[in-house]
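Working notes, structure below.
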Amino acid sequence: MLIELKQAAFVYQAPEGEVEALRDISFSMAEGEFCSIVGPSGCGKSTLLSAIAGLEPLFGGSIAVDGEPVCGPTPKIGFMPQRDQLFEWRTIWDNVTLGLTLHRQRTEEQFAQVRRLLDRYGLADFAQMRPSQLSGGMRQRCALIRTLATNPKILLLDEPFSALDYQTRLSVSSDIWQIIRQEHKTALLVTHDISEAISMSDRVLVLSHRPAVVQADFHMDGLWQMDPLARRDTEAFHTFFNAIWKELNTHA
Ligand code: ADP
Ligand code: MG
């Protein structure tokens with residue numbers, strides 16, 4: 001297994017008292033899998049991604065990536081946050097190569113990889129422009145390319161499309177799905193949108209109210225080879241939607 005969580009637990013120490021965010025989270029993901037996480041607002045989804053990324057040390061249980069316990073940030077994991085966090089005063093090129101600078105990977109080979117990604121995903125002609133000159137969808141692709149530039153095995157995506165309007169969201173999620181597939185990445189996507197989870201992933205985990213536990217684990221049988229837009233037209237899509245909706249409204 002590429003990612004393995006065993007009874008992961010996390011508690012925030014806030015001035016107002018303790019907040020138990022995660023309780024007993026166990027699941028594993030195989031290499032190449034695309035998994036989504038849905039759950040009520042505030043249940044601990046972002047906390048879970050931070051813990052996997054090695055940004056929050058656990059209070060109990062364990063997380064292993066590639067067979068090694070997570071005890072801090074690792075280049076094996078790329079994180080794509082809610083807002084694209086592109087720097088407006090930097091060009092697209094300087095934005096997408098930022099991770100290479102931070103990880104001291106400024107080699108000709110890495111630059112060639114970034115050029116290939118920009119070219120392949122329609123941004124090559126925009127390399128010298130500023131983020132404000134790009135559409136919302138292009139910005140999101142740019143943010144993904146920045147995350148891919150350091151060549152992580154695993155992508156963690158925390159509600160990456162929530163700033164986009166509905167139409168853009170549909171086409172961007174389809175683009176991003178394609179890129180993740182073509183680049184053979186393992187992905188874990190947090191979203192509050194059930195349709196988005198079903199349309200993009202091989203598997204959907206439903207988290208309970210805080211403190212979060214894994215309440216259900218759905219495998220998108222019959223859908224996972226289809227692209228996100230095509231999935232939305234299927235009978236299976238609606239069946240999964242109803243099952244997940246019901247699960248989210250059942251209090252474990
Ligand atoms: P989600 O992403 O599912 O909306 P989060 O993981 O962001 O939820 O937060 C889980 C819970 O932990 C929430 O109740 C939130 O208020 C609380 N929380 C998040 N960050 C902190 C923090 N730094 N200090 C104290 N409590 C926090
Ligand atoms: Mg969150």
Below 3.5 Å, can you tabulate the donor-acceptor pairs from side chains in residues 8-18 to any protein atom, sequence neighbours excluded?
{"residue": "Y12", "atom": "OH", "partner": "T47", "partner atom": "OG1", "Å": "2.8"}

Could you tell me which non-hydrogen atom of [X] sits nearest to which non-hydrogen atom of [Y], and how far apart they are?
X: T91; Y: R130; answer: N-NH1, 3.7 Å
X: R232; Y: H238; answer: O-NE2, 3.7 Å
X: P160; Y: M80; answer: CB-CE, 4.0 Å

Taking D202 first and then R181, would you say they form a salt bridge - that is, a charged N and a carboxylate O separated by under 4.0 Å?
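Between R181 and D202 there is a salt bridge, with a charged N closer than 4.0 Å to a carboxylate O.
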To the nearest 0.5 angstrom, please state how far the [atom1] atom of [X] sits from the [atom2] atom of [Y].
X: L155; Y: L144; atom1: CG; atom2: CG; answer: 6.0 Å
X: L58; Y: L22; atom1: CG; atom2: CG; answer: 8.0 Å
X: D193; Y: S162; atom1: CG; atom2: OG; answer: 10.0 Å

With sequence neighbours left out, which residue pairs that include part of residues 27-44 fulfil the side-chain hydrogen bond (donor to acceptor under 3.5 Å, both in side chains) condition?
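For residues 27-44, and leaving out neighbouring residues, the side-chain hydrogen bond (donor to acceptor under 3.5 Å, both in side chains) pairs sorted by first residue read E33-R203, S36-S201.
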By side-chain hydrogen bond (donor to acceptor under 3.5 Å, both in side chains) - contacts of Q113 (at least two apart):
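Q113 satisfies side-chain hydrogen bond (donor to acceptor under 3.5 Å, both in side chains) with R116 once adjacent residues are dropped.
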For R23, which residues count as a salt bridge (charged side-chain N to carboxylate O under 4.0 Å, His left out) partner, sequence neighbours excluded?
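E20.
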Crowding at CD, E88 (>12 non-hydrogen neighbours, <6.0 Å):
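Atom CD in E88 is crowded, with more than 12 foreign heavy atoms closer than 6.0 Å.
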Hydrophobic cluster partners of L55 (side-chain heavy atoms under 4.5 Å)
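Besides L55, the cluster holds no residue at all.
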Tracing side-chain links under 4.5 Å among I, L, V, M, F, W and Y, which residues wind up in one group with V206?
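Taking Ile, Leu, Val, Met, Phe, Trp and Tyr as members, V206 shares its hydrophobic cluster with V38, I194, I198, V204, F218, M220, L223, M226, F237, F240, F241, I244, W245, L248.
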Taking F87 as the starting point, is it possible to reach W93 by hopping between hydrophobic residues whose side chains are less than 4.5 Å apart?
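Cluster IDs for W93 and F87 differ.
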Do L189 and I3 sit in one hydrophobic cluster, given that two such residues count as connected whenever their side-chain heavy atoms are within less than 4.5 Å of each other, even indirectly?
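Per the 4.5 Å side-chain linkage, L189 and I3 are not co-clustered.
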Yes or no on side chain to side chain contact (heavy atoms under 4.5 Å, CB included) for I92 and M138, after CA distance, side-chain angles and deciding distance?
CA-CA 10 Å; I92 297 307; M138 291 165 87; over 6 Å; no
Of the options Q110, K185, E109, K76, which is the one that meets N151 in a side-chain hydrogen bond (donor to acceptor under 3.5 Å, both in side chains)?
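The residue from Q110, K185, E109, K76 that satisfies side-chain hydrogen bond (donor to acceptor under 3.5 Å, both in side chains) with N151 turns out to be K185.
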In terms of side-chain heavy atoms, does E196 have a donor or acceptor partner in S173 at a distance below 3.5 Å?
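No, no side-chain donor-acceptor pair sits under 3.5 Å.
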Do any N or O atoms from the side chain of S26 and from the backbone of K6 form a donor-acceptor pair under 3.5 angstrom?
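Checking the backbone N and O of K6 against the side chain of S26, no donor-acceptor pair under 3.5 Å is found.
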